[in-house]
There are 2 protein chains.
Amino acid sequence: MLLAVDFQSDVPIYIQLKQQIIEGIARGRLAEGESLPSVRQLAQDIGINLHTVNKAYSLLKEGGFIIMDRRKGAVINTRQAMAAGDCREKLRDELAPIIAEVFCKGMKEEELIQEIARIYKSFSEDGKHGL
Amino acid sequence: MLLAVDFQSDVPIYIQLKQQIIEGIARGRLAEGESLPSVRQLAQDIGINLHTVNKAYSLLKEGGFIIMDRRKGAVINTRQAMAAGDCREKLRDELAPIIAEVFCKGMKEEELIQEIARIYKSFSEDGKHGL
DNA sequence: TCATCTGTTATATTTATACTATAACAGATG
DNA sequence: CATCTGTTATAGTATAAATATAACAGATGA
């Protein structure tokens, strides 16, 4: 899978990597059991330091998205393992400021939900091919 | 309106202020035409530097949420007519990583939309009292 | 066995951002 | 005229991001 890092972004590189890999899993481009490049390889490919990649992998491991295997490297975990833990509260804290802003800007509930549904479906439909 | 700053949070103080004020507008606790405290007053109340408050106000002004008036200070702006196209793209960029994560964790579309609707309604219902 | 790859850890440095501190200026207020 | 306002400038400190090297133990394949 191709990872594109924006060095001008105010989003830290290790966060960009983490997000893109999670999106890759959601879209089925990274299937369960598949291996990610080694921290050194990926760092070299992108042109960044291996510690930056390692930080992204550590977050993914912490979130249950990957498992570190001494032989196979970073392996995409099972969906069941990813589902562990409740994410509702974290989700609300992340969404509230975003929704408040578009609410003030006059976006209607139906428009917002339509936008959400569109993003969600973009994952589930891509996933059909990957799984 | 009461502003509660979490000094332990990894979210910068000026972002917390901005978000809470936008939420205050969304919930109708800050009505159109109402004035916010002066940067010096608010900074003293919270116990932070006036520049931190000023940064939050600058972002709110930039986003069209308030208007700086030499006499009345920071005044809550009239509900903005949404610049639809511009807002949508930013919205998608912010939502995609969040939705990808809960998608991987197995949250169904209906659950997600229900959660979104709940947050949205919490604004529109609070707004009934304020407006 | 041995060279090579792996993740992991440690330490140090540079850079950027967040926050604070102090000061000053121009416009508005009473 | 003293006092408040937002705004700007400058400088300092603290923390986080990213880099640069280095080393270690486990695993791999020749």
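Chain letters run A, B, ... following the sequence lines, proteins first, then strands; residues in each count from 1. These values consider heavy atoms only, across backbone and side chains, with no hydrogens, waters or symmetry-generated copies. These figures come from a predicted structure and were not determined experimentally.
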Salt bridge or not between B:Glu111 and A:Arg88? Use side-chain N to carboxylate O under 4.0 Å. yes
Which heavy-atom pair separates A:Tyr57 from A:Ile66 by the least distance, and what is that distance? O-CD1, 3.5 Å
Minimum heavy-atom separation for B:Met1 to B:Ile21, with atom names? CE-CA, 4.4 Å
Symbol by symbol from the 5' end, with Watson-Crick or G-U pairs under 3.5 Å, [ ] crossing and | another strand, DNA chain D is ||||.|||||||||||||||||||.|||||
A:Arg70 near the nucleic acid: base, sugar-phosphate alone, or nothing, with a heavy-atom cut-off under 4.0 Å? base
Quick check: closest heavy atoms across A:Ala4 and A:Gln20, and the distance to 0.1 Å? O-NE2, 2.6 Å
Salt-bridge criterion met for B:Lys105 and B:Glu101 (N-O under 4.0 Å): no
On a heavy-atom basis, which atom in B:Pro97 and which in A:Glu23 lie closest, and how many Å separate them? N-OE2, 4.2 Å
In this structure, would A:Leu36 and A:Tyr14 fall into the same cluster of hydrophobic residues linked by side-chain contacts under 4.5 Å? no
Provide the closest heavy-atom pair for B:Leu50 versus B:Arg40 in the form atom of the first, atom of the second, distance. CD1-CG, 3.8 Å
Do A:Arg92 and B:Glu115 meet the salt-bridge criterion of a basic N to acidic O distance under 4.0 Å? yes
Minimal non-hydrogen separation, A:Ala31 against A:Ile76, with atom names: O-CB, 3.3 Å
Interatomic distance, B:Lys72 NZ vs C:dG30 P [rounded to whole Å]: 13 Å
Earliest and latest nucleotide of DNA chain D, 5' to 3', sitting under 4.0 Å from a non-hydrogen atom of chain A? D:dA17 to D:dT28
What residues from residues 45-56 of chain B pass a heavy-atom cutoff of under 4.0 Å to DNA chain D? B:His51, B:Asn54
Mapping A:Tyr14 and B:Asp69 onto DNA chain D by nearest heavy atom, which one lands closer to the 5' end? B:Asp69
Atom-to-atom span, CG of B:Leu59 to P of C:dT17 - whole angstrom: 14 Å
